[in-house]
Peer 1: 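Below is one structure. I have some questions about it.
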Amino acid sequence: MEEYNPQKIEKKWAEVWDKTKLYQTDLKSKKNKHYNLVMFPYPSGEYLHIGHGYSFSGADVYARFKKLNGFNVFEPIGYDSFGLPAENFAIKNKVHPKESTASNIKHAEKQLRSFGTMFDFSKEVVTSDSSYYKWTQWLFLKLYEKGLVYQKESPVNWCPKCLTVLANEQVINGLCERCDTQVVQKNLKQWFFKITDYAERLIKDLDKVDWPGSSVIKQRNWIGRSEGVEFEMDIVGQKEKIKTYTTRIDTVFGMTYVVLAPEHPLVLKITSKENKKAVEDYQIKSQKLSEVDRQLEDREKTGVFTGAYAVNPFNNKKVPVWIADYVIYGYGTGAVMAVPAHDERDFEFAKKYNLPIVESIAPYMKDDPRDDKETEKRDIVTAIVKNPKNNSYLCLNWKTTDWKSFPTGGTDGEDLVKAAKREVGEETGYKNLKFIKQIGDSIFSEFYRPHKDSNVFANFKYLLFELENEEKEVVAQKEKDQHEAVWVKETEVSSFISVWNQKIAWKRYKEGDFAYTDYGVVINSGRFSGLKSEEAKEKMAKWLEDKKLGGKKINYRLRDWSIGRQRYWGAPIPIIYCKKCGVQPVPEKDLPVLLPELPLEKVQPKGTGKGPLANAKEFVKTICPKCGGEAERETDTMDTFVDSSFYFLRYPSVSNNKEMMEKEVTKKWLPVDMYVGGAEHVTMHLLYARFITKALFDQKLIDFDEPFLRLRHQGMILGPDGKKMSKSKGNVVIPDEVIKEYGADTFRTYILFMGPFEDGGPWDPKGIKGIQRFLEKYWELANEVLKNQKPENPEEVIYYSKEIEETALLRIIHKTIKKVSEDIEGFRFNTAVSSFMVCLNEMLKIKSKLPFSKSSVLWKEVLEIFSILLSPFAPFITEEVWERFGNHDSIFTAAWPKYDEGLIEEEVITLVVQINGKVRDTIEVSAGISQKDAQKEALKSQKVIKYTTGKKVANSFFVPNKLINLIVE
RNA sequence: GCCCGAGUGGCGGAAUUGGUAUACGCGACGGACUUAAAAUCCGUUGGCCGUAAGGCCUUGUGGGUUCAAGUCCCACCUCGGGCACCA
């Protein structure tokens, strides 16, 4: 028999598919479309690694599955070829980026073709090609027209190694995303896209898309919406006012100082003469700090007093105004009302600089009060009694409930100390206590009391006592029945006490004050006292509005997208500076602004804050489009994320030089139906692409405002050592070697079989043998069936007889159709592959009982179905088998098989018999058996009898066609 | 610190709605074929006790709900990812 030779087969079909243009999508076709997109690669000079192979394999299985299901599938590919990696590679290898990019693309394309993907190479985009970046520039102009582009001098992230500005999204833990160099802050005039205008919609419209839940959450958190209140405070003796933003207006009565960011413009205006020197020094010092240093986790808080006082409008109290670098100028108003009692940062600062701490929120817990009952307010006091002789504390171990608590009781208007002493006496007998101090302020709790059939809204206070001597009075029997008094060692108190509010009180006592940051009941807050946080927030916001001092405000963490890069290898920003007319956009008709061909030595950035284009005199020098006078071009290039924010819009129109998006074809093909790529792009590319889509939608250039309807991520493939692949670790695996040895079919099937698609994991070359064996077995079976395709005597053929084996053959293939269809739709490729193996193993078993001579027609049919099912994973081998079976058209023009529910259903099923929840036997019964009959059958089993003799079946639970659980006593 | 996600054999992993835990594959062991090896084929393979029949235990740990828990609830531990002085 002819051996399976993947190299030969794959070479043959790659050529045939290319020649017949099988994967060139007719974009004008009326058929149902499916736009299947993969994130296009970065041809940086490395080979496409195994991770690309993973991503493309998964996406391609889905694309082929859709094609077989009758969709007109478009699976384009291109190259994200502008940018730092490509440029750095070129500089390092002393090749011009233009040349290196071209050769890298050539190599990448060769690799891509070897993967056996159905990419439509005829509609390729190359972002560094002027035919593409013309549209990058056009996009810039469109946003510019609508005021979504602006230029601002501001501190920006500067990578001292890449010598360029980076977007917020490109700074990872304070390091440059590309080269891991520590990023510093630099003041530069920069171009920004106003993505913050879209913050709300970018959050809201996440509801519209089918994306992995974790990615939706990640993007939401990145945008960081927060609801709060903004209000103004007077400054004593000055005209200026301080505007502040807070999400916790309910804590405002606890404000004991105000902090401004050091760079806040108000700082110098309000600083008093005596404090001027210190404030200025501090400002200079903090300006020098890099973003990283400023964000270091355990950095101690620092700050200085300005000498000014602000007035809390709620209680007209004067509070000192400080500056400190823990307040960020770019967020909110750059000014914070500091409430040390209820904010950890303010607390730390207040402790360090001895600022007062005032509680305005008391802990509160709603402990299942009943809505239908009255609520009574009660003041309650808890005594924490210390025995100084042995360092233990007086506690109660309750007999009537599972409480473990300190002595506690109502005050009934009595003095707190007196009431506490009385309670301790009644409950435990101890009568000589010395009052030490009160611990914290109130804690509230609302709960239902069964013995009085009412709710209590309790106000707990906590007093600390020391035991003077062990003298006791008699404890009433009634008390003794309820609880016993025990002395608990200090170290064990916190685990002993079970009552939540006493746990908090104990923590306060032992660890001293801490910031209580949860919601609760507002206290010490004048007319707002007694309200719960949620209510107080509403009423306080309303109060501010009425007084015209402020009101509700929503803030976002998201910053505008800085898009200028001081590097060579990118799309020039189409802007002209005219001395007379100022900043002028390049007119559309003059696009593209061609990237000048600089010699390699001039490509290298100098770090002057200006990019290499500034050295290209003939490029810089131009004329003003408005007045025709002498003018200069902008020399920054655009961030590559601008290039990739619209490439999916360009693919269908790639052959059109007049329009970025051809109307008809765009309307038909977009948005993207399925997008496959890494989760690392969630807060960058995917966010930018959504923003650009919405901006174009608002200009009525497209009629949809979400670009990617469905999104799936592939996991990361790690090196065989379990570490992230990197050249320096020497653990990079490239798919070429694997494909050369085993073929693309085996590679694709294996990499998808390794585990769940979204998980990834270490590349383990050992397991690939299993897939190789599987494909070989399939190949052999198919060829054997083929050999027996035409029986000598056609009369001998029994077609669909009732032979058990035939039924079994049909059953297994139909089961497999169902399973594989569902698994591919759900991106569960690993289990789909496993069911192929189950199916093949079953077929081989049947084969030994069902000779070909009798049923070759059925065998052929089954093998054809199996081939179609397998073809998305292993396109080459299945295409070859398909052809050998006498089909003239490609297998990918075939129809995906439908399964017959009736054929899947078993006639005899294996029923699990449990006795008291433990599996004791399995019995063969006919499908659809009733509970009664099942029980009867089960009780016949010898194994079951063993457990049931002399016992009564008290109950039974039945899961039809699965299980029966008999309860015997 | 906060927000996600995950812990299942020697390994990768499976288990639809709570219903036979360990499918499928790798590896390992035993056997067949072979002068031999590779390849291939057949068998065994969660742990413990037992000659066996069989029994007991087992999905990170500890509790709970249930006739029944990998799956649901509570607490904790470990790992991975994201955010991180965002007021």
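Chain letters run A, B, ... following the sequence lines, proteins first, then strands; residues in each count from 1. This is a predicted model, so every value here is computed, not measured.
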Peer 1: What is the distance from CD of Glu780(A) to P of A39(B), rounded to the nearest Å?
Peer 2: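 For the pair Glu780(A) CD and A39(B) P, the rounded distance is 15 Å.
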Peer 1: Who is the Watson-Crick or G-U wobble partner of U35(B), with both distances under 3.5 Å?
Peer 2: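 Partner of U35(B): none found under 3.5 Å.
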Peer 1: Rounded off to whole Å, could you give me the CD1-to-P distance for the Ile217(A) and C4(B) pair?
Peer 2: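 Whole-Å distance recorded here is 6 Å.
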Peer 1: Nearest heavy-atom pair of Asn916(A) and Asn965(A): which atoms, and what distance?
Peer 2: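 Heavy atoms of Asn916(A) and Asn965(A) come nearest at N-OD1, 3.6 Å.
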Peer 1: Could you let me know what A69(B) is paired to, Watson-Crick or G-U wobble, both distances under 3.5 Å, or none if it's on its own?
Peer 2: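 Because no pair has both required distances under 3.5 Å, A69(B) counts as unpaired.
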Peer 1: Classify Arg225(A) by what it touches in the nucleic acid, base, sugar-phosphate, or nothing, heavy-atom distance under 4.0 Å.
Peer 2: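 No contact.
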Peer 1: Would you mind reading off the distance between Leu718(A) atom CG and A6(B) atom C1', rounded to a whole angstrom?
Peer 2: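 Between C1' of A6(B) and CG of Leu718(A): 15 Å.
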Peer 1: Does the base of C85(B) carry an N or O that pairs as donor and acceptor with the side chain of Lys301(A) under 3.5 Å?
Peer 2: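 By the distance-only test, yes, there is a pair.
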Peer 1: Once rounded to the nearest 0.5 Å, what's the spacing between atom CE of Met843(A) and atom NZ of Lys777(A)?
Peer 2: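 Spacing of CE (Met843(A)) from NZ (Lys777(A)) equals 11.0 Å.
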Peer 1: Using the C1' atom in both, what is the distance from U45(B) to U22(B), to the nearest Å?
Peer 2: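 Nearest-Å result for U45(B) against U22(B) at atom C1': 12 Å.
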Peer 1: When rounded to the nearest Å, what value does the distance between P atoms of A14(B) and A69(B) take?
Peer 2: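 A14(B) and A69(B) have their P atoms separated by 23 Å.
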Peer 1: Taking atom P in both C26(B) and A39(B), what distance in whole Å separates the two?
Peer 2: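 C26(B) and A39(B) have their P atoms separated by 12 Å.
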Peer 1: Once you round it to whole Å, what is the distance between P of A87(B) and CG of Asp325(A)?
Peer 2: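 Rounded to whole Å, this separation is 18 Å.
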Peer 1: If I pick the P atom on G80(B) and the same atom on U8(B), what distance separates them, to the nearest angstrom?
Peer 2: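 Going atom to atom, P in each nucleotide, I get 14 Å.
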Peer 1: What's the shortest heavy-atom distance between Val682(A) and Gln219(A), and which atoms?
Peer 2: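 Reported closest heavy-atom pair: O-NE2, 2.8 Å.
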Peer 1: Counting Watson-Crick and G-U wobble pairs only, both distances under 3.5 Å, name the nucleotide matched with U44(B), or none.
Peer 2: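 With both distances under 3.5 Å, U44(B) matches A28(B).
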Peer 1: Figure out the CD1/C1' separation between Ile223(A) and C83(B), and round it to whole Å.
Peer 2: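 Going from Ile223(A) (CD1) to C83(B) (C1'), I get 14 Å.
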Peer 1: Quote, to the nearest angstrom, the C1' distance that separates G9(B) from U58(B).
Peer 2: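 Their C1' atoms lie roughly 10 Å apart.
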Peer 1: Using the P atom as the point on both nucleotides, what is the distance between G70(B) and G64(B), in whole Å?
Peer 2: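 Looking at atom P only, G64(B) and G70(B) are 15 Å apart.
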Peer 1: Quickly work out the Tyr556(A) OH to A87(B) P distance and round it to whole Å.
Peer 2: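 Atom-to-atom, Tyr556(A) to A87(B), this comes out as 13 Å.
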Peer 1: Syn or anti for G9(B), with syn set at within 90° of 0?
Peer 2: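 Syn conformation here, the glycosidic angle of G9(B) being no more than 90° from 0.
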Peer 1: Which atom names give the shortest non-hydrogen contact between Phe829(A) and Phe873(A), and what distance separates them?
Peer 2: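 In terms of heavy atoms, the two residues are closest at CB-CE2, 3.9 Å.
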Peer 1: Give one of base, sugar-phosphate or nothing for Ser956(A), where a contact means two heavy atoms less than 4.0 Å apart.
Peer 2: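 Contact class for Ser956(A): none.
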Peer 1: What is the separation between atom CG on Leu844(A) and atom P on C41(B), rounded to the nearest whole Å?
Peer 2: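 Roughly 9 Å, once rounded to whole Å.
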Peer 1: Can you label the angle between the Tyr778(A) ring and the Phe866(A) ring as parallel, tilted or perpendicular, going by 30° and 60°?
Peer 2: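 Because their plane-to-plane angle lies in the 30° to 60° range, the rings of Tyr778(A) and Phe866(A) count as tilted.
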Peer 1: Please determine, for G7(B), whether a Watson-Crick or G-U wobble partner exists with both distances under 3.5 Å, and give it or none.
Peer 2: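 Matched G7(B) with C77(B) under the 3.5 Å cut-off.
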Peer 1: Provide the distance between the two C1' atoms, one in C11(B) and one in C56(B), to the nearest whole Å.
Peer 2: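 Result for the C1' pair: 27 Å, nearest Å.
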Peer 1: With both distances under 3.5 Å as the test, what is the Watson-Crick or G-U wobble partner of A15(B)?
Peer 2: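 Its partner is none (no Watson-Crick or G-U wobble pair with both distances under 3.5 Å).
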Peer 1: Of all heavy-atom pairs between Leu718(A) and Met725(A), which one has the smallest distance, and what is that distance?
Peer 2: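 Closest approach of Leu718(A) to Met725(A): O-CE, 3.5 Å.
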Peer 1: Distance check, C1' atoms only: G82(B) and A15(B), in whole angstrom units.
Peer 2: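 The answer is 30 Å between these two C1' atoms.
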Peer 1: Report the relative orientation of the aromatic rings in Phe757(A) and Tyr54(A); use parallel for angles under 30°, tilted for 30 to 60°, perpendicular for over 60°.
Peer 2: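 Tilted: the ring planes of Phe757(A) and Tyr54(A) meet at 30° to 60°.
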Peer 1: Find the partner of C83(B): check Watson-Crick (N1-N3 plus N6-O4 or O6-N4) and G-U wobble (N1-O2, O6-N3) distances, both under 3.5 Å, and reply none if neither fits.
Peer 2: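 By the stated definition (distances under 3.5 Å), G1(B) pairs with C83(B).
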Peer 1: Please find out if less than 6.0 Å separates the ring center of Phe349(A) from that of Tyr326(A).
Peer 2: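 Between Phe349(A) and Tyr326(A), the centre distance is under 6.0 Å.
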Peer 1: Go through the steps to decide whether Arg220(A) and Asp207(A) satisfy the test salt bridge (Lys or Arg N to Asp or Glu O under 4.0 Å), and finish with yes or no.
Peer 2: CA-CA 11 Å; Arg220(A) 265 205 199 108; Asp207(A) 296 341; 3.3 Å; yes
Peer 1: What is the distance from CG of Leu260(A) to P of A87(B), rounded to the nearest Å?
Peer 2: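 Rounded to whole Å, this separation is 17 Å.
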Peer 1: For nucleotides 13-30 of chain B, just jot down a letter per nucleotide in 5' to 3' order: B, S or -, based on protein non-hydrogen atoms under 4.0 Å.
Peer 2: SS----BBS-BBSSS---
